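The block underneath contains the structure these notes are about, expressed in structure tokens.
Keep in mind that what you see is a predicted model, and the values were worked out from it rather than measured.
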Amino acid sequence: MTRASRLSTPGLLTRHLGSGIVGSLLVALLIAAAVLAVALAPRALARLGTEELRHELGLASPALLDLTGTGQLGLVGGLSATATVDELIGASDREIRDIRDSLPSPLKEHVG
């Protein structure tokens, strides 16, 4: 009778679970640690990069962070020397005003 109860389904399950419980728990713990590390590592690295960027930008002078541009203004071919200011620099002025709209989205919100 004892032999039959040990070979029944509940008896086999009990014997199986009791014999390798430490190994099974160790494998489950290792899997849980690996999943946690894989899930949290990218977030931690992104946060570290953001904080490093904030630190570096905090050290820079405001003049260094301002957007600047260089160019050459002058007479455009076909305009006379008596041309108005709008005719001379109107196109450049419009391009400078429209620079913000041509920037990609994250940068666009931070440019005045």
Side-chain angles (χ1 to χ4, degrees):
M1 184 100 165
T2 347
R3 179 169 279 210
S5 67
R6 287 177 42 165
L7 294 179
S8 67
T9 303
L12 288 174
L13 273 173
T14 305
R15 197 169 67 184
H16 174 68
L17 290 176
S19 67
I21 191 84
V22 175
S24 298
L25 287 177
L26 182 61
V27 168
L29 182 66
L30 288 174
I31 289 172
V35 167
L36 186 67
V38 167
L40 294 181
R43 291 182 181 156
L45 289 175
R47 182 172 289 174
L48 179 68
T50 302
E51 291 303 320
E52 177 66 22
L53 180 62
R54 283 187 181 144
H55 176 71
E56 290 294 324
L57 290 176
L59 294 177
S61 68
L64 186 64
L65 298 176
D66 284 343
L67 292 178
T68 59
T70 58
Q72 189 175 32
L73 295 175
L75 289 175
V76 180
L79 289 178
S80 67
T82 60
T84 64
V85 173
D86 190 42
E87 291 173 334
L88 287 174
I89 61 171
S92 298
D93 194 33
R94 283 187 294 279
E95 287 295 323
I96 290 171
R97 273 185 282 150
D98 294 340
I99 284 177
R100 183 177 183 271
D101 295 332
S102 67
L103 293 173
S105 181
L107 185 58
K108 185 187 297 188
E109 287 80 25
H110 299 288
V111 174

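Here the CD-CG distance, from Glu52 to Leu45, works out to 12.5 Å after rounding to the nearest 0.5 Å. Expressed to the nearest 0.5 Å, how far CD1 of Ile31 lies from CG of Leu26 amounts to 10.0 Å.
Note on residues 90-105: pairs passing salt bridge (Lys or Arg N to Asp or Glu O under 4.0 Å), not counting sequence neighbours, are Asp93-Arg97.
In the hydrophobic clustering of ILVMFWY residues, with side-chain heavy atoms under 4.5 Å counting as a link, Val35 and Val38 come out apart.
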